[in-house]
Student: 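I have a structure I would like to understand better, so I am pasting it below and will then ask my questions one at a time.
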Amino acid sequence: MTNTFVVVGGDAAGMSAASKAKRDDPDLEVVVFEKGEWVSYGACGLPYYIKGEIQSLEALVSVTPEEFREERDIDLRTGHEVVAIDPDERTVTAESASETVVQSYDHLLIATGAAAVVPEIDGTDREGVYTLGSMSDGKELREYVARARGGESFQQPDRGPACRFLEDCTGPVGVVGGGYIGIEMAEALAANGFEVNLFQRGDRLLKGFSEETSEAVADHLREEDVAVHLNASVEELAGGEAVEAVVTDDDRIAVEMVLLGTGVRPRTALAEDAGIELGKTGAIATDAYRETNVSDVYAAGDCAEATHVVTGESVHVPLALSANRHGRAVGQTVSGQPTEGGGVAGTAAIKAFDVEAARTGILDHDEARAAGFDPVTETVTAKSRAGYYPEGGDVTITLTADRDSGRILGGSLVSEYGEGAVHRSHAIVGALMEETTVFELENYDLAYAPPFNTTWDPVLVAAKVLA
Ligand code: FAD
């Protein structure tokens, strides 16, 4: 009898699982339900589409629905929302505009992702208030930008300060949230001539990065004419039918549009209704193979928890690589080769105009102490390339290690765009995943040539200072 693998959600985790399972076991029947029309899309590219650097939404799609159906022999049903899972009967119920389907499964993967959080403040339902969590959100935002610019077609904006390359500024607009989506959207809007106000509740942007990285990014945004409002708790989005102002605890700033970049929440309702357990983070709890408490039901990607490689704790880190990796591992498992997808280190990167930054592991001392470490941190700034080489800049690296063992716990890096903060973070990721000490990192045999770094790469300098 044919085994059936059913997947709920047709993006990173879901389509990685479906493709891997079918490739490894061509006899497996693979059915994917996706409630929207888009599958296998790169939401990560949406800010650059809205900015105008990427010309079509289609460019963000890696494999089309037709390719999945015709070339990969996957029964992909777009426009089908799964509304119930019955673990006793081993069925899912999906609804489309024209039918209700009850589909049985032998293995089931929940890959429903996460939804953009809308904060509980007045005015979020006003016209002109947007979130950016889906392809359709991206389309609406790009249309907004084009409309606001008087229907002008998108140019390829230079990476110059806001308004510098346009005759007239448009806006003002508000971006609520100083995480990576908020910052990428601040750039996308500013590059299109909008006067951007970025509101962050806490005292710095990019909370999970080092303070030095947060400050460098905030300083650079200001240089690019983005008004960065720190310690600004947004209390209301005021206006009539349309939004007209962002009201904070001590200010009122006129805006014509607001982008909410206030985080994401795992989509877990379907799992909860089926009796599937959530973890303490609120995402779906799984074992190392991504199996939930219900046998043969798996969960992967932004809807699920994963294990942190440094602390061993269950965490919710909604990022693309782990969604792909864990989805692929589930595909391999259900096709007969049980596979763990590995842990997560919270590794993330961001570009903000002409600055790039990355972070990995545990930098927060309270978090490190809670995990039983005695954290110590040092920050160094070093040259990105040989001093005599015509180009180059600084790289600032913050490294955290355990005082007793010297084990690397985390790192945060920032440099000018192109000066290697993000690529250098990979050495630190490798070190912390292998439980390497600063003394060992100091002796890493890294490549050197003047156009790329100094003889002692800044990562080695940081390890040396901390050792
Ligand atoms: P999703 O991509 O959310 O896919 C879940 C799918 O399930 C959706 O298509 C949804 O329609 C479908 N679905 C939900 N419920 C149902 C149901 N009941 N029935 C049927 N279908 C359902 N990550 C990075 O690592 N780096 C970045 O630079 C980065 N940038 C980003 C920028 C933006 C603007 C956004 C929004 C995200 C970004 N991310 C980034 C995060 C990354 O996109 C996600 O981690 C990744 O897409 C998660 O994949 P997933 O398959 O778990 O979930």
Side-chain angles (χ1 to χ4, degrees), residues 6-18 31-51 60-62 65 76-85 92-96 101 103 108-117 130-138 141 177 179-185 187-188 259-261 263-274 283-284 290 299-306 316-328 330 341 344-352 356-359 422:
V6 172
V7 175
V8 188
D11 193 24
M15 294 323 295
S16 297
V31 184
V32 179
F33 293 105
E34 164 54 51
K35 68 178 178 178
E37 292 309 315
W38 298 91
V39 295
S40 193
Y41 48 86
C44 315
L46 286 171
Y48 309 101
Y49 167 72
I50 295 158
K51 184 179 176 186
L60 301 180
V61 173
S62 359
L76 168 62
R77 311 206 199 152
T78 49
H80 281 72
E81 178 170 6
V82 172
V83 292
I85 297 169
V92 302
T93 303
E95 288 177 355
S96 74
V101 186
Q103 169 71 49
L108 174 68
L109 170 63
I110 302 172
T112 45
V117 168
Y130 296 83
T131 53
L132 179 58
S134 66
M135 294 288 266
S136 51
D137 291 344
L141 275 157
Y180 72 88
I181 291 183
I183 291 175
E184 288 169 359
M185 280 305 298
E187 174 181 335
L259 183 275
L260 297 171
V264 296
R265 187 172 294 130
R267 284 197 195 94
T268 55
L270 197 58
E272 276 182 279
D273 291 348
I284 302 170
R290 316 292 137 213
D302 284 6
C303 63
E305 291 188 333
H316 179 232
V317 181
L319 289 172
L321 175 60
S322 48
N324 280 278
R325 208 174 65 228
H326 291 159
R328 190 173 191 277
V330 172
V344 297
T347 310
I350 181 171
K351 172 183 168 300
E356 61 174 67
R359 60 93 56 219
V422 173

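Whatever order the structure lists ligands and atoms in, that order sets their numbers, starting from 1.
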Student: Which protein heavy atom lies closest to atom 1 (P) of ligand 1, and at what distance to 0.1 Å?
Tutor: D11 OD2, 3.7 Å
Student: Using a 3.5 Å distance criterion without hydrogens, assess whether the side chain of E34 forms a donor-acceptor pair with backbone atoms of T78.
Tutor: no
Student: Hey, is ligand 1 close enough to E184 that some N/O pair sits below 3.5 Å?
Tutor: no
Student: Taking distance alone, with no angle check, do A13 and ligand 1 share an N/O pair under 3.5 Å?
Tutor: yes
Student: Pick whichever of A43, G10, A12, P47 has a heavy atom sitting closest to atom 49 (O) of ligand 1.
Tutor: A12
Student: Evaluating non-hydrogen atoms only, which member of L321, D302, I50 is closest to atom 46 (C) of ligand 1?
Tutor: D302
Student: Which of the numbered atoms in ligand 1 are under 4.0 angstrom from any heavy atom belonging to V8?
Tutor: 17 (C), 19 (N), 20 (C)
Student: Looking only at protein heavy atoms, identify the closest one to atom 35 (C) of ligand 1 and say how far it is in Å.
Tutor: I181 CD1, 3.7 Å
Student: Within the side chain of S134, is there an N or O that forms a donor-acceptor pair under 3.5 Å with the backbone of D137?
Tutor: yes
Student: Note the single closest protein heavy atom to atom 8 (C) of ligand 1, along with its residue, its atom name and the distance in Å.
Tutor: Y41 OH, 3.2 Å
Student: How far is atom 21 (N) of ligand 1 from its nearest protein heavy atom, and which residue and atom is that?
Tutor: K35 N, 3.1 Å
Student: Mark yes or no for whether N324, through its side chain, and A13, through its backbone, hold a donor-acceptor pair below 3.5 Å.
Tutor: no
Student: Within the 4.5 Å heavy-atom criterion, are V344 and H326 side-chain neighbours or not?
Tutor: yes
Student: So is W38 touching ligand 1 or not, going by heavy atoms under 4.0 Å?
Tutor: no
Student: Show the atoms of ligand 1 that are less than 4.0 angstrom away from any heavy atom in A323.
Tutor: 48 (C), 49 (O), 52 (O)
Student: By number and element, which atoms of ligand 1 are closer than 4.0 Å to a non-hydrogen atom of G9?
Tutor: 6 (C), 7 (O), 12 (C), 21 (N)
Student: So does T347 get a backbone contact from the side chain of R359, meaning a donor-acceptor N/O pair under 3.5 Å?
Tutor: no
Student: Okay, side chain of E81, backbone of V83: is any donor-acceptor separation there less than 3.5 Å?
Tutor: no
Student: Note the single closest protein heavy atom to atom 3 (O) of ligand 1, along with its residue, its atom name and the distance in Å.
Tutor: G113 CA, 3.5 Å
Student: Which of the atoms of ligand 1 are close to G301, meaning less than 4.0 Å from one of its heavy atoms?
Tutor: 52 (O)
Student: Please check if atom CZ in R267 has more than 12 non-hydrogen atoms from other residues, nucleotides or ligands closer than 6.0 Å.
Tutor: yes
Student: Do any nitrogen or oxygen atoms of C44 lie less than 3.5 angstrom from nitrogen or oxygen atoms of ligand 1?
Tutor: no
Student: Before you tell me yes or no, could you show the steps for E187 and K51 under salt bridge (Lys or Arg N to Asp or Glu O under 4.0 Å), namely the whole-Å CA-CA distance, both residues' side-chain angles and the distance that decides it to 0.1 Å?
Tutor: CA-CA 8 Å; E187 174 181 335; K51 184 179 176 186; 2.6 Å; yes
Student: If you have a sec, work out which protein heavy atom is nearest atom 15 (N) of ligand 1 and how many Å separate them, to one decimal?
Tutor: T112 CG2, 3.5 Å
Student: Taking distance alone, with no angle check, do V82 and ligand 1 share an N/O pair under 3.5 Å?
Tutor: yes
Student: Tell me: protein heavy atom nearest atom 38 (C) of ligand 1, and distance?
Tutor: Y180 OH, 3.4 Å
Student: Which of the numbered atoms in ligand 1 are under 4.0 angstrom from any heavy atom belonging to P318?
Tutor: 41 (C), 45 (O)
Student: Is ligand 1 under 4.0 Å from a heavy atom in the side chain of V264, in the backbone, in both, or in neither?
Tutor: neither
Student: Could you list the atoms of ligand 1 found under 4.0 angstrom from a heavy atom of A111?
Tutor: 5 (C), 6 (C), 7 (O)
Student: Taking the side chain as every heavy atom from C-beta outward, state whether V82 and T93 have any pair of such atoms under 4.5 Å apart.
Tutor: no
Student: When you compare the side chain of P47 with that of L132, does any pair of heavy atoms fall below 4.5 Å?
Tutor: yes
Student: State, yes or no, whether a side-chain contact exists between M135 and L46 at a heavy-atom distance under 4.5 Å.
Tutor: yes
Student: Y180: which residues meet the ring pair (Phe, Tyr, Trp, His ring centres under 6.0 Å) condition with it, sequence neighbours left out?
Tutor: none
Student: Under the salt bridge (charged side-chain N to carboxylate O under 4.0 Å, His left out) rule, collect the residues that match up with R325, sequence neighbours excluded.
Tutor: none
Student: Around atom 11 (O) of ligand 1, find the nearest protein heavy atom and jot down its residue, atom name and distance.
Tutor: E34 OE2, 2.7 Å
Student: Just how far is it from atom OG1 of T268 to atom NE2 of H316, taken to the nearest 0.5 Å?
Tutor: 9.5 Å
Student: Does ligand 1 have any atom that is closer than 4.0 Å to a heavy atom of M185?
Tutor: no
